[in-house]
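Shown next, in structure tokens, is the structure this report addresses.
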Amino acid sequence: MLILLLFIPLLMCISPDTKSRSFADALTHERLLPWKGMCVLLILLSHYTGYITTSPSDETYLLIRSGMGQTVVVLFFFAAGYGMTLQLTSKGKGYLPRILQKGLSLWILNAAAVVLMLMVQTLRGREYELSTILLAFVPLVNLGNSPWFIFAMLLCYLFFLLSAVPYLLRPSRPRLFLLFLLHTVLCCAYIFILSRQGFDDYWYDTILLFPCGILAACIQSAVSKDRSPGALTWSALLSLSMTAVAFFYCFQTRSFVLRELYMLSACSLLLVCAMHYSPGSRLLAFLGRHALSIYLFQRIPMILFYETGLMDMVPHLAFFPVFSCVCLVALAVETIQMRIKKARSA
């Protein structure tokens, strides 16, 4: 698996854009696509490992995967909070229907993934109670997929709608910061409730990155007035971010607060890197553009290839046909989704 992991740095070195950017420029959708693609590839490798028999040669990769933990998804929460806040400030009340549409589309896509997963698991001889199936659509129950991300993101959308009410009544910069504070409070309540209910940490330990994205959008106007940071400033930011990641990584197991600081420092490191470096890999950009569909449907090809026995015969080489099928499934799902939208709007 370590050899497969080394493909990622190679992809990151393809036709990079090394022009220094301001903070606002670094957070544009297109600029972040390859970085999101890198995270998607790390997620795919992590989940793929669960379907193969690892060997002693995989211990180095497993150690690296354990160290990264949930940091591979922090960028998605941060970017969502940042992007939605910018849209809200530019469109105002006109953005509310779009938020509802985003939430509904996300739920429908997840429901389609649950249906397919249920079919696959039934063919494998798995049986589920009706209550389990219904909870999978919420989504609060795992049928073999990873419902926690969808559940957390849907609640972030809801929290955003609730927190945006004061700002929409009278738009102003102080009320935009109030949106951040209210969203943070709701996220903290979410963390408290789920931790009390005995949910695993991964259900809630990255959700605070969403209000961090909101905060970044709130202060963007002040930051974006500055020019791109010089080499010295950028090097200082990079060194500071790397030091923070190393420090909080060593102490993250001591408390939940330190773990959250580790998540935040990891996201900061990615953003600092994006200010000065953007990979030109089309594959990474593709993965970033189709991240949600890949995330939702990735396990279905993995399960199918696992049942064929191919993963036992050539566990590491089998990743490439599995990866290809995951991409094809994601493309097929999004093509169907686009055609349905066109048919509805026609």
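For the single chain, residues carry numbers from 1 onward in sequence order.
Side chains of Arg299 and Ser146 form a contact here, defined as non-hydrogen atoms less than 4.5 Å apart. In this structure, the side chains of Gln70 and Trp148 come closer than 4.5 Å at one or more pairs of heavy atoms. Residues Phe151 and Leu140 are in side-chain contact: their nearest non-hydrogen atoms beyond the backbone lie under 4.5 Å apart. Counting heavy atoms from C-beta on, the side chains of Thr71 and Met68 come closer than 4.5 Å. Residues Thr85 and Leu176 meet the side-chain proximity criterion, which asks for heavy atoms closer than 4.5 Å. The side-chain heavy atoms of Leu106 and Met153, taken from C-beta on, include a pair separated by under 4.5 Å. Contact annotation: the side chain of Leu96 approaches that of Leu168 to within less than 4.5 Å [non-hydrogen atoms, C-beta and beyond]. Contact of the Pro139 side chain with the Val114 side chain is not registered, since no non-hydrogen atoms from C-beta on lie closer than 4.5 Å.
Although no hydrogens or angles enter the test, the distance criterion places no donor-acceptor pair under 3.5 Å between the side chain of Ser293 and the main chain of His290. Distance alone, capped at 3.5 Å, is enough to place a donor-acceptor pair between the Ser241 side chain and the Leu237 backbone. One N or O on the side chain of Thr335 and one on the backbone of Leu331 form a donor-acceptor pair closer than 3.5 Å. Counting only distance, with no hydrogens or angles, the side chain of Ser195 and the backbone of Ile191 share a donor-acceptor pair below 3.5 Å. Of the possible polar contacts, none joining the His47 side chain to the Leu42 backbone as a donor-acceptor pair under 3.5 Å is found.
Scanning all heavy atoms of the two residues, the minimum distance from Phe305 to Cys325 falls at CE1-SG, 3.5 Å. Annotation for Arg259 and Asp201: closest pair NH1-OD2, 3.1 Å, computed over non-hydrogen atoms. The shortest non-hydrogen separation linking Phe160 to Leu179 is CE1-CD2, 3.9 Å. Summarising the geometry of Gly103 relative to Tyr157, their closest heavy-atom pair is CA-CD1, 3.6 Å, with the distance given to 0.1 Å. The two residues Trp35 and Ser278 come nearest to each other via the heavy atoms NE1-CA, 4.1 Å. Nearest approach of Met12 to Tyr277, heavy atoms of both residues: O-OH, 2.7 Å.
Ring-plane geometry between Trp234 and His276 is classed as tilted, the angle between the planes lying from 30 to 60 degrees on a 0 to 90 degree scale.
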Evaluate the ring-ring contact (aromatic ring centres under 6.0 Å, His included) criterion for residues Phe77 and Phe210: first the C-alpha distance (whole Å), next the side-chain angles of each, then the deciding distance (0.1 Å), finally the verdict. CA-CA 5 Å; Phe77 282 101; Phe210 194 101; 7.2 Å; no
Verdict with supporting geometry, Tyr204 and Phe199, ring-ring contact (aromatic ring centres under 6.0 Å, His included): CA-CA 8 Å; Tyr204 51 81; Phe199 282 78; 8.1 Å; no
Run the numbers on Tyr295 and Phe76 for ring-ring contact (aromatic ring centres under 6.0 Å, His included), then give the verdict. CA-CA 12 Å; Tyr295 177 84; Phe76 297 100; 8.2 Å; no
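Taking a 6.0 Å sphere around CZ of Phe256, one finds it holds more than 12 heavy atoms contributed by other residues, nucleotides or ligands. For Met313, the CE atom sits in a packed shell: over 12 heavy atoms of surrounding residues, nucleotides or ligands are nearer than 6.0 Å. Within 6.0 Å of the OH atom in Tyr306, the count of heavy atoms belonging to other residues, nucleotides or ligands does not exceed 12. Under a cut-off of 6.0 angstrom, the local environment of CZ in Arg282 is sparse, with at most 12 non-hydrogen atoms contributed by other residues, nucleotides or ligands. With a 6.0 Å radius and a threshold of 12 heavy atoms from other residues, nucleotides or ligands, Leu232 has its CG atom at or below the threshold.
Note: Ile219 CD1 to Arg173 CZ = 10.0 Å, rounded to the nearest 0.5 Å. Interatomic distance, Leu194 CG to Ile207 CD1, rounded to the nearest 0.5 Å: 8.5 Å. Taking CG from Leu287 and CD1 from Ile294, the interatomic distance works out to 4.5 Å, rounded to the nearest 0.5 Å. The CG atom of Leu317 sits 9.0 Å away from atom CG of Leu310, with the distance rounded to the nearest 0.5 Å. Taken from CZ in Phe323 to CG in Leu41, the straight-line distance is 6.0 Å, to the nearest 0.5 Å. From Gln121, atom CD reaches atom CD1 of Ile133 across 11.5 Å, with rounding to the nearest 0.5 Å.
Under the 4.5 Å side-chain heavy-atom criterion for Ile, Leu, Val, Met, Phe, Trp and Tyr, Val329 and Val115 are members of the same hydrophobic cluster. In terms of hydrophobic clustering, with Ile, Leu, Val, Met, Phe, Trp and Tyr side chains grouped at heavy-atom distances under 4.5 Å, Val257 and Tyr262 are assigned to a common cluster. Hydrophobic clustering (ILVMFWY, side-chain heavy atoms < 4.5 Å, transitive): Met84 and Leu178 are in distinct clusters. Residues Val185 and Leu209 are members of separate hydrophobic clusters, defined by side-chain heavy-atom contacts under 4.5 angstrom among Ile, Leu, Val, Met, Phe, Trp and Tyr. In terms of hydrophobic clustering, with Ile, Leu, Val, Met, Phe, Trp and Tyr side chains grouped at heavy-atom distances under 4.5 Å, Leu123 and Leu116 are assigned to different clusters.
Counting only N and O atoms by type, the side chains of Asp205 and Tyr202 include no donor and acceptor under 3.5 Å apart.
A salt bridge does not link Arg339 with Glu334: none of the charged nitrogens is closer than 4.0 Å to a carboxylate oxygen.
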